[in-house]
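Fair warning: this is a prediction, and the values are worked out from it, not measured in the lab. What's counted below: heavy atoms across the whole structure, side chains too, no hydrogens, waters or symmetry copies.
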Amino acid sequence: MSRLALAVRWLGPPSVLLTALFFDAVGASVMMLVCLAITITWRARLPAALEITTDLTLLLAAWSSVFLLYERYEHWDLVIHFAATAVLAELAIRALERWARLSSPGPVSHVIVVSSLGAALALVWEYLEFAGYYLVDPQVNVGYLDTMGDLAAGHAGAVVAGILGTWARQWADASGGTRAHGDTAGRPDRAGHRNATGNPSATGRPDTTEKKD
């Protein structure tokens, strides 16, 4: 899995080169943003499966723009907004935990935080589309219905990402042998023994009972 993640990371630079040579500067600029996101996924030390999914989703979104898939297929835009916002929202919380020292939230808090981050990212995405329409390319599809649909798809993707992310963390904790609801077991004694209730056993303790003749 780690080798596959490494291979996916290296899809970014060739994508920039190909779009610059055979398409246009706008496509190359989008690919450069994707390369930046790929670098963040690598430095954030994401699980390999999440890193691969994030990188491939963002590359798909960028190449869809290059090949005009958003114009050719009516609802493809909504699919990409759903998927890309989902992976970016999960990436955002992982990055905050790593670099901002954010403590890992509980299951409900995880869903709420990821959903909120996704809503914010979806809003920023629409601002960028609006700026792209006026400053870069008037063919960028903007409008009230398009914007509301994109925001709804992005927020829905973030909610799903929060739920799946919570499940993945709990599964990883269970696989690693950690307890889901906190470890209330007592500390081991010097011999490292515990009884059935988690309290130190008497085995291995020095006998302090005074002997009588």
Side-chain angles (χ1 to χ4, degrees), residues 4-5 7-9 11-12 14-16 18-20 22-38 40-41 46-47 49-95 110-168:
L4 180 58
V8 172
R9 286 175 203 161
L11 291 177
S15 297
V16 176
L18 289 173
T19 50
F22 300 105
F23 294 95
D24 52 27
V26 175
S29 300
V30 172
M31 289 298 176
M32 290 178 68
L33 290 175
V34 172
C35 283
L36 175 61
I38 289 175
I40 294 174
T41 62
L46 298 180
L50 179 57
E51 180 183 350
I52 293 168
T53 303
T54 302
D55 294 348
L56 289 179
T57 300
L58 297 180
L59 285 167
L60 176 62
W63 279 110
S64 295
S65 177
V66 171
F67 288 111
L68 303 178
L69 297 185
Y70 299 118
E71 289 78 11
R72 294 179 183 177
Y73 303 102
E74 184 178 359
H75 299 297
W76 186 242
D77 185 40
L78 297 178
V79 173
I80 294 299
H81 273 277
F82 178 93
T85 307
V87 295
L88 287 174
E90 186 65 24
L91 169 61
I93 191 171
R94 301 275 184 153
H110 182 92
V111 175
I112 294 174
V113 172
V114 172
S115 301
S116 301
L117 289 171
L121 290 169
L123 185 60
V124 171
W125 192 333
E126 293 308 305
Y127 282 139
L128 293 176
E129 283 191 357
F130 184 78
Y133 172 78
Y134 278 99
L135 301 176
V136 181
D137 187 357
Q139 292 184 349
V140 175
N141 189 18
V142 295
Y144 183 76
L145 291 179
D146 177 77
T147 299
M148 294 306 297
D150 292 347
L151 288 174
H155 198 190
V159 172
V160 172
I163 295 172
L164 293 178
T166 298
W167 173 82

Test applied, side-chain contact (heavy atoms from CB on, under 4.5 Å); reference residue, Leu58; option that passes from Val30, Val34, Leu33: Val34
Nearest heavy-atom approach of Leu59 to Ser15 is CD2-OG, 3.9 Å
Side-chain donor-acceptor pair present, Ser64, Trp76, cut-off under 3.5 Å: yes
Is Leu88 close to Thr57 at the side-chain level, that is, under 4.5 Å between some pair of heavy atoms? no
Please walk me through it: do Asp150 and Trp125 pass side chain to side chain contact (heavy atoms under 4.5 Å, CB included)? CA-CA 9 Å; Asp150 292 347; Trp125 192 333; over 6 Å; no
Output for pair (Ile112 CD1, His110 NE2), nearest 0.5 Å, gives 11.5 Å
Ignoring hydrogens and angles, tell me if any N or O in the side chain of Thr19 forms a donor-acceptor pair with the backbone of Val16 under 3.5 Å. yes
Would you sort out whether Glu90 and Leu164 count as a side chain to side chain contact (heavy atoms under 4.5 Å, CB included), showing the intermediate values? CA-CA 10 Å; Glu90 186 65 24; Leu164 293 178; over 6 Å; no
Side-chain touch Glu51/Arg94, heavy atoms, less than 4.5 angstrom: no
Evaluate the criterion side chain to side chain contact (heavy atoms under 4.5 Å, CB included) for residue pair Phe130 and Thr147; output intermediate values, then yes/no. CA-CA 9 Å; Phe130 184 78; Thr147 299; over 6 Å; no
Checking the side chain of Thr53 only, and the main-chain atoms of Leu50 only, is there a donor and an acceptor separated by less than 3.5 Å? no
Using side-chain heavy atoms (C-beta onward) and a distance below 4.5 Å, is Arg9 in contact with Asp55? yes
For a quick test of reading the model, state the closest non-hydrogen atom pair linking Ala158 to Thr85 and the distance between them. CB-CG2, 4.5 Å
Quick check: do Ile80 and Tyr70 have side-chain heavy atoms less than 4.5 Å from each other? yes
Trace of the side chain to side chain contact (heavy atoms under 4.5 Å, CB included) decision for Leu11 with Leu56: CA-CA 9 Å; Leu11 291 177; Leu56 289 179; 4.2 Å; yes
Quick one: does Trp63's side chain get under 4.5 Å of Leu18's, heavy atoms only? yes
Shortest non-hydrogen separation from Ala92 to Leu117 and the atoms involved: CB-CD1, 3.9 Å
